[in-house]
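Structure first, then comments.
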Amino acid sequence: MEIFKKLRGMRDILPEEIERWKKIENVFIEVSELFGFKEIRIPILENKYLFERGIGSNTDVVMKEMYEFKDKKGREIALRPEATASVVRAYIENQIYNKEKITRFYYYGPMFRYDRPQKGRYRQFYQFGIEILGGKHPFFDGESVQILDIAFKRLNIENFIFLINSLGCKNCKGKYIEEIKKYFLANINVLCEECKIRTEKNPLRVLDCKNNSCRAILNKIPSILDFLCIECKVHFENFVNFLERFDINYKINPKLVRGLDYYTKTVFEVVPEKEDIAIAGGGRYDNLVKEIGGPDIPAVGFAVGIDRIVPLIKEKENKNNEIIYFISLGERAKIKGFEIMKKLVEERIKVEMDYEDRSLKEYLKIANKTGKRWCIILGDNEIDRGIIILKDMKEGFQEEIKEEEMIEKIKERIK
RNA sequence: GUGAGUGUAGCUCAGCGGAUAGAGCACUGGACUGUGGCUCCAGGUGUCGGGGGUUCAAAUCCCCUCACUCACCCCA
């Protein structure tokens, strides 16, 4: 018999880990909602060209990491590699810009990229993200960063830093690209193979190449920050001032470019200190809405990699100890026991029962091993006397409780 | 897509040409008949990832393949 195994890059998240996931999700949802964000749920499948147009057809994400296929009618479909393009599509399709000036969305769900799996990287991974549509003021950028900062701190993640940069608008970004392209062409023989291609297709990407010979010539390259037009420059300064004013731990990195084409002006990444894996990333995308067929509307947002946050959360509480383990001995006790169990459930008390015929000793072993603190023991003796036994596994203490007083007493004890 | 490492009991691993493949933990039963954890005793733990080759002899060496892990690329 063939044993089926999960697909490469996929994973099962088991109950003992779920508590941490839920905690993280809830913190991000809560903080976002406090800032007036509303949830949007978008499809996992989209027209493949939405991503090509939105993210950029020369990006790695689109070129080699997209799960794509044809459906039964031959339509070109892709599993979303990220959510921004979909959110913007929904924003345009539902004409939300006609309903409000500023739209604040948050989303949460699985994304798919056909990557080689490794630490903190999966083919199905989970992102929480926000998008603010309709605002061009740098404080919207600041707000995004602020939400991340508050959420991470609430999760007791302390040692992280925001790497920030500005890519400028269409004009200054374009001028800068021209400039560095000329420079790279002049030094083309020094560049690695990859970067020779990048010089043609996406010169910005050469900036964060880790190859030594490429890095050597990058030292002499002008900073993009010196190419910003007045508007972009002021925008960036205001953004930085915001970070200063609100005590955000940040560092300007003029080489930070990011792999998605739609970014303009502000870009940022959150990196835990002493690690070079980004746990969140985002920035402004003032041209994207127009690019995929909507009106000319500026926007900013971020995405957090939940898979990468989970290992940073320490606590691992055992939630099992709040479930009462109901031990019923014999057939009579099973029926009577289920009656009692139902009453407990109606009172919102967590309880579980094992209906197999086991000895009391075995039941207690199981309770102990699975970390239960409380057991209810019910056998013929107890039924005849109209009582139940409530046992505290932790203290090794047990008491007889009259059935009529049961709910009240149990609530009191297990509180 | 490129490179490196690892696949042996349910788990963590040892064994690295030689006999019937081992340890700890976990598991099952008993000492203890309706009272767990501690202790002691007894016991299954196995296609040695899969296929092929070399050899008198392969878990061990070689080739192929698959899976996992890590790194590069890129990203969350």
Side-chain angles (χ1 to χ4, degrees), chain A residues 1-11 24 28 55-56 58-66 80-84 108-129 148 192-195 197-198 202 205-206 208-212 214 256-260 263 267-272 275-282 301-312 325 327-330 333 358-382 389-398:
Chain A
M1 187 59 177
E2 183 187 356
I3 298 166
F4 290 104
K5 300 182 78 180
K6 57 184 167 295
L7 263 28
R8 170 161 256 209
M10 306 287 152
R11 56 185 186 149
I24 296 164
F28 279 104
I55 299 168
N58 281 330
T59 58
D60 280 12
V61 169
V62 168
M63 280 196 300
K64 49 183 223 190
E65 292 173 5
M66 231 167 22
R80 61 182 186 196
E82 58 115 45
T84 301
Y108 175 67
M111 309 296 158
F112 301 84
R113 286 181 203 172
Y114 194 85
D115 252 3
R116 200 76 175 256
Q118 59 188 278
K119 190 180 197 162
R121 170 177 303 175
Y122 308 94
R123 287 182 174 181
Q124 176 176 334
F125 59 101
Y126 292 81
Q127 283 189 337
F128 174 92
L148 281 171
C192 68
E193 288 310 309
E194 192 82 19
C195 284
I197 299 164
R198 287 184 183 138
N202 199 346
R205 292 238 56 87
V206 179
D208 58 6
C209 183
K210 274 117 194 157
N211 186 293
N212 282 336
C214 297
L256 180 71
V257 291
R258 309 197 42 77
L260 284 60
Y263 286 113
V267 290
F268 58 85
E269 267 179 19
V270 184
V271 182
E275 291 222 32
D276 61 347
I277 189 167
I279 54 178
F302 68 71
V304 188
I306 304 301
D307 306 69
R308 290 179 180 184
I309 310 291
V310 170
L312 304 178
Y325 192 66
I327 299 169
S328 47
L329 303 165
R358 305 182 199 283
S359 65
L360 177 59
K361 186 192 182 99
E362 193 180 4
Y363 276 134
L364 288 170
K365 272 189 182 177
I366 292 170
N368 188 55
K369 200 177 62 189
T370 53
K372 300 290 189 304
R373 168 148 189 199
W374 300 98
C375 290
I376 289 176
I377 302 169
L378 185 75
D380 288 337
N381 290 345
E382 288 75 22
I389 293 172
L390 180 66
K391 184 175 171 82
D392 182 341
M393 300 294 281
K394 194 173 155 203
E395 303 298 330
F397 166 82
Q398 71 181 41

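Residue numbers begin at 1 in each chain, while the letters A, B, ... track the order of the sequences. The basis for the numbers below is simple: all heavy atoms, side chains too, and nothing from hydrogens, waters or symmetry mates.
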A side-chain contact here means heavy atoms from C-beta on lying under 4.5 Å apart; do A:Glu82 and A:Val61 qualify?
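In short, these two side chains do not touch, never coming nearer than 4.5 Å.
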Decide yes or no for A:Arg358 and A:Ile366: does some side-chain heavy atom of the first lie under 4.5 Å from some side-chain heavy atom of the second?
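Side chain of A:Arg358 against side chain of A:Ile366, heavy atoms only: contact under 4.5 Å found.
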Check the distance between [N]'s [atom2] and [X]'s [atom1] and give it to me in whole angstrom.
X	N	atom1	atom2	result
A:Arg358	B:U28	CZ	P	9 Å
A:Gln118	B:G5	CD	P	17 Å
A:Leu256	B:C74	CG	C1'	14 Å
A:Ile277	B:A76	CD1	P	11 Å
A:Arg205	B:C72	CZ	P	14 Å
A:Met63	B:C74	CE	C1'	10 Å
A:Glu65	B:U2	CD	P	15 Å
A:Arg113	B:G1	CZ	P	18 Å

Restricting to side chain to side chain contact (heavy atoms under 4.5 Å, CB included), what partner residues turn up for A:Pro311, sequence neighbours left out?
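Partners of A:Pro311 under the side chain to side chain contact (heavy atoms under 4.5 Å, CB included) test: none.
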Residues forming a side chain to side chain contact (heavy atoms under 4.5 Å, CB included) with A:Lys64, sequence neighbours excluded:
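Applying side chain to side chain contact (heavy atoms under 4.5 Å, CB included) to A:Lys64 gives A:Asp60.
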When all nucleic acid strands are considered with a 4.0 Å heavy-atom cut-off, which category describes [X]: base, sugar-phosphate, or nothing?
X	result
A:Gly129	nothing
A:Arg116	base
A:Tyr126	nothing
A:Ala278	sugar-phosphate

Mind checking what makes side chain to side chain donor-acceptor pair (under 3.5 Å) contact with [X], not counting sequence neighbours?
X	answer
A:Asn381	none
A:Tyr108	A:Glu25
A:Glu269	A:Arg258
A:Arg8	none

Can you name the ring-ring contact (aromatic ring centres under 6.0 Å, His included) partners of [X], sequence neighbours left out?
X	value
A:Tyr126	A:Trp21
A:Tyr263	none
A:Tyr325	none

Using the C1' atoms only, state how far B:U28 lies from B:A9, rounded to an integer number of Å.
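Pairwise C1' distance, B:A9 against B:U28, rounds to 15 Å.
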Quantified in whole Å, what is the C1' atom distance between nucleotide B:C68 and nucleotide B:G29?
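Result for the C1' pair: 36 Å, nearest Å.
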Could you tell me if A:Thr370 and A:Lys372 have a donor-acceptor pair between their side chains, going purely by distance under 3.5 Å?
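Yes.
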Write down the protein N/O and nucleotide N/O pairs, taken from nucleotides 46-48 of chain B, whose separation is under 3.5 Å; answer none if there are no such pairs.
none

In B/S/- notation (B base, S sugar-phosphate only, - none; protein heavy atoms under 4.0 Å), nucleotides 31-37 of chain B written 5' to 3' is -B-BBBB
Pairwise N/O distances under 3.5 Å, protein to nucleotides 66-68 of chain B:
| from | atom 1 | to | atom 2 | distance (Å) |
| --- | --- | --- | --- | --- |
| B:A67 | O2' | A:Lys5 | NZ | 3.3 |
| B:C68 | OP2 | A:Arg8 | NE | 3.0 |
| B:C68 | OP2 | A:Arg8 | NH2 | 3.4 |

